[in-house]
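Just so it is clear, the values below take in all heavy atoms, side chains as well, and ignore hydrogens, waters and symmetry mates.
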Amino acid sequence: MNFVVGFIFLGLAFSASAGILKPRADLTPEDRIRVEKITRPTTDFSRSEQFELMQGGAGTVRKLINPDVFSHPAANLSFEGRQEFMVGNGLFRKDWVSSPSSTQASDGLGPLFNARSCQACHVKDGRGTVPGFDPLDRGDTVALLVRLSLPGSNDEARKRVGKEGASLPDPVYGHQLQPFAVPGLPAEGRIKIDYREVPVALHGGETAVLMEPTYRIEDLGYGPLHPDTNLSPRLAPPMLGLGLLEAIHEDDILANSVGEGRDGISGRANWVRDLRTGNRVLGRFNWKAGQPDVEHQSVNAFSGDMGLSTPLLPSHFGDCTPAQKACFDMPHGAQAQLGEHEVPGRLMDFVTIYSQNLALPQRRDTDHERVLAGKKLFYEANCIGCHVPKYVTRRDAARPEHRFQLIWPYTDLLLHDMGEGLADGQDEGGADGREWRTAPLWGIGLTKTVNPNATWLHDGRARTLLEAVLWHGGEAKAARDRVVSMTPSDRADLIRFLESL
């Protein structure tokens, strides 16, 4: 058994404050026995495991496999929860407009922004798209969000911006490039990507070709970027099962960070600040685990991507910087009769509920011979050193539909050094420029069913699941090398397993 993973399956968890292992506080002794039994890593690959089909617990849905398969509410939502989900769905899909507007409940966009709606980036609640991926295609690539930062320690950043764990923004363009602007303002610029082919020799005479991206910004609207500004493109991740990830007990996540396991894998927690309480809390969302929960992830998207104010981030001007004075002269969309924020608290609640309860589809072909063979290879290659298969969620989760559910997300929600090839040079909370949160794998096999143009990894550089594996470095290099050394038939089985998720 992998040492790092093993503590959870002994019914123990890690106390961050005391630095010792302890029983999970929400479980009775009887619960712990049940949890230990059901979450222990399997050693039997002759058949599927109990409940493996239901990867999202009781909320899993069995629906027609089509482009809308990621957009269903969790099966165990109450009637009232479904009503709130549907309202949130409408808000998630709504196009916002600039102020002033006759549609007063929908204005306030910008002044600088990346998209007009949440759905514009999370295509059908799945992954975003990187236009112009073909090296011969010089099309617009504004669908890719670009984070900006200057090199510097987090201590230096705290002094400069007064925020723990903050990165240093570009002095003119802020934390994020905004490719659109309301009438009367120039947009900040457009990202362009050049790709270089990198061949990788595989055992068995096969060759894979990776696409290594180089990024640049064109049509800058406010003068040059600082010469030391780093660019970190980020693709919108899928929305599936976010509330269930939120309901994984903190102690179970921290248990996976204890010690160093096989292959030198040692996941690290990202500690961030809760905007509501000011407390230091565990980060688990976003590409670098920079957000603690679904609400924080949502309000940051409203502010940073669309320039919309919310109770937790009340500025009406999003990522406008002091160097962009005209930005602050633009009208905002807060309406006295609707409240002091462009997205009032109750509307944010609906969006959060929607985002927490998008259902996982039922697994497919779990007893297929090739899927089982690929699963065995996944375990033997130690992919589970980071992609931890399953958890039982908290008994005391905030929402009843998320309580005490056996789920199969294939993630530890921790930070790992992924090597120089994927490094972006940007700090986020406690994460450094080589670290990324382990991405959940559930639903990954239906990625292109939902969005045929979708690609993988944080910046969408991987066109196939095999390419995504081959980009793994750092702590994941040993597992990646085992995949390279597999026979062509074994590699095909491994991918077949991933496609069943």
Side-chain angles (χ1 to χ4, degrees), residues 8 26 34-35 38-39 41-42 48-79 81-82 84-86 88-89 92 122 124-127 237-249 252-253 284-285 293-294 297-298 352-367 371 375 378 384 387-413 437-447 449-451 497-501:
I8 288 178
D26 66 315
R34 295 174 63 193
V35 169
I38 199 68
T39 57
T42 187
S48 62
E49 297 176 68
Q50 189 178 20
F51 308 121
E52 191 171 2
L53 275 174
M54 306 295 286
Q55 59 182 339
T60 306
V61 295
R62 184 177 182 179
K63 297 288 185 179
L64 186 67
I65 302 302
N66 63 21
D68 296 319
V69 71
F70 286 176
S71 298
H72 299 288
N76 60 346
L77 262 179
S78 66
F79 178 77
R82 285 174 177 267
E84 294 173 319
F85 178 94
M86 294 305 177
N89 182 24
F92 196 84
H122 300 274
K124 288 187 173 291
D125 302 301
R127 295 172 189 268
M239 301 289 295
L240 296 176
L242 299 186
L244 293 169
L245 295 177
E246 192 176 73
I248 296 174
H249 201 288
D252 280 357
I253 298 171
R284 61 180 82 194
F285 293 102
D293 55 38
V294 176
Q297 178 71 15
S298 299
T352 299
I353 291 167
Y354 173 76
S355 301
Q356 289 172 326
N357 286 290
L358 283 157
L360 271 300
Q362 192 176 76
R363 284 276 307 278
R364 299 151 317 284
D365 301 326
T366 54
D367 277 313
V371 171
K375 180 181 177 181
F378 186 86
I384 65 168
H387 293 283
V388 176
K390 49 189 171 177
Y391 300 85
V392 172
T393 59
R394 307 178 66 113
R395 272 215 179 270
D396 56 355
R399 293 189 61 88
E401 62 269 17
H402 302 148
R403 293 173 190 161
F404 210 57
Q405 298 294 313
L406 174 63
I407 61 173
W408 305 69
Y410 288 90
T411 177
D412 60 6
L413 296 176
R437 182 203 69 161
T438 304
L441 298 183
W442 53 7
I444 199 168
L446 295 174
T447 297
T449 299
V450 173
N451 178 7
F497 165 68
L498 294 176
E499 290 172 344
S500 78
L501 297 177

State, with a plain yes or no, whether a side-chain heavy atom of F404 is found less than 4.5 Å away from one of V35.
-> yes
Criterion side-chain contact (heavy atoms from CB on, under 4.5 Å) on M54 and W408, from CA distance to verdict = CA-CA 8 Å; M54 306 295 286; W408 305 69; 6.0 Å; no
Name the orientation class of the two ring planes belonging to Y410 and F497 (parallel below 30°, tilted from 30 to 60°, perpendicular beyond 60°).
-> perpendicular
Hey, does the side chain of E84 reach the backbone of I353 with a donor-acceptor pair shorter than 3.5 angstrom?
-> no
Residue pair E401, R82: steps toward the salt bridge (Lys or Arg N to Asp or Glu O under 4.0 Å) verdict = CA-CA 11 Å; E401 62 269 17; R82 285 174 177 267; over 6 Å; no
Parallel, tilted or perpendicular for F92 and H122, by the 30°/60° rule?
-> tilted
Straight-line distance of F85 CZ to L77 CG, nearest 0.5 Å | 7.5 Å
Of the non-hydrogen atoms in S355 and S298, which two are nearest, and what is the gap between them?
-> OG-OG, 4.2 Å
Which heavy atom in G443 sits nearest to a heavy atom in L240, and how many Å separate them?
-> CA-CD1, 4.1 Å
Decide yes or no on side-chain contact (heavy atoms from CB on, under 4.5 Å) for T393 and H249, but give the supporting numbers first.
-> CA-CA 6 Å; T393 59; H249 201 288; over 6 Å; no
Tell me yes or no: between the side chains of S500 and R363, is some donor less than 3.5 Å from an acceptor?
-> yes
Between N357 (side chain) and A74 (backbone), is there a donor-acceptor pair under 3.5 Å?
-> no
Working to the nearest 0.5 Å, report the span between CG of D252 and OH of Y391.
-> 7.5 Å
Pairwise distance NZ(K375) to OG1(T42) - rounded to 0.5 angstrom | 5.5 Å
Does V69 reach the side chain of V450, with side-chain heavy atoms less than 4.5 Å apart?
-> yes
Donor-acceptor under 3.5 Å (R399 side chain, A397 main chain) = no
Check whether any side-chain heavy atom of L446 sits under 4.5 Å from a side-chain heavy atom of R364, and report yes or no.
-> yes
What heavy-atom pair brings F70 and L358 nearest, and what distance separates the two atoms?
-> O-CD2, 3.5 Å
So how far is it from R127 CZ to N451 CG, rounded to the nearest 0.5 Å?
-> 10.0 Å
Can you check whether F51 reaches I407 side chain to side chain, under 4.5 Å on heavy atoms?
-> no
Show your reasoning for whether side-chain contact (heavy atoms from CB on, under 4.5 Å) applies to F378 and H387.
-> CA-CA 10 Å; F378 186 86; H387 293 283; 3.9 Å; yes
Ignoring hydrogens and geometry, is there a side-chain-to-backbone donor-acceptor pair from K390 to I38 under 3.5 Å?
-> yes
Could you tell me the separation between the OG1 atom of T411 and the CD1 atom of I253, rounded to the nearest 0.5 Å?
-> 8.5 Å
Are S71 and D125 linked by a side-chain donor-acceptor pair shorter than 3.5 Å?
-> yes
Please report the shortest heavy-atom distance between N76 and G59, naming the atom on each side.
-> OD1-CA, 3.4 Å
Closest approach of K124 to D68 (non-hydrogen atoms, all atoms of both residues) = NZ-OD1, 3.0 Å
Note, Y354 side chain near N89 side chain (heavy atom, < 4.5 Å) | yes
Beyond-backbone contact of V392 with Q405, side-chain heavy atoms, under 4.5 angstrom | no
To the nearest 0.5 Å, what is the distance between CD (E49) and CG (D367)?
-> 11.0 Å
Has R62 got more than 12 heavy atoms of other residues, nucleotides or ligands less than 6.0 Å from its CZ?
-> no
Check whether any side-chain N or O of E246 sits under 3.5 Å from a backbone N or O of V294 as a donor-acceptor pair, and report yes or no.
-> yes
Taking Q356 for the side chain and L244 for the main chain, is one N or O donor matched with an acceptor at less than 3.5 Å?
-> no
How far apart are the closest heavy atoms of I248 and P409, and which atoms are they?
-> CD1-CG, 4.5 Å
For D293, does its backbone N or O pair with a side-chain atom of R284 as donor and acceptor, under 3.5 Å?
-> no
Under 3.5 Å, side chain of D26 to main-chain N/O of R395, donor-acceptor pair present?
-> yes
For side-chain contact (heavy atoms from CB on, under 4.5 Å), just list the numbers for L441 and L498, CA-CA rounded to whole Å, side-chain angles, deciding distance to a tenth of an Å, and then say yes or no.
-> CA-CA 8 Å; L441 298 183; L498 294 176; 4.1 Å; yes
Greater than 12 external heavy atoms within 6.0 Å of R403's CZ | yes
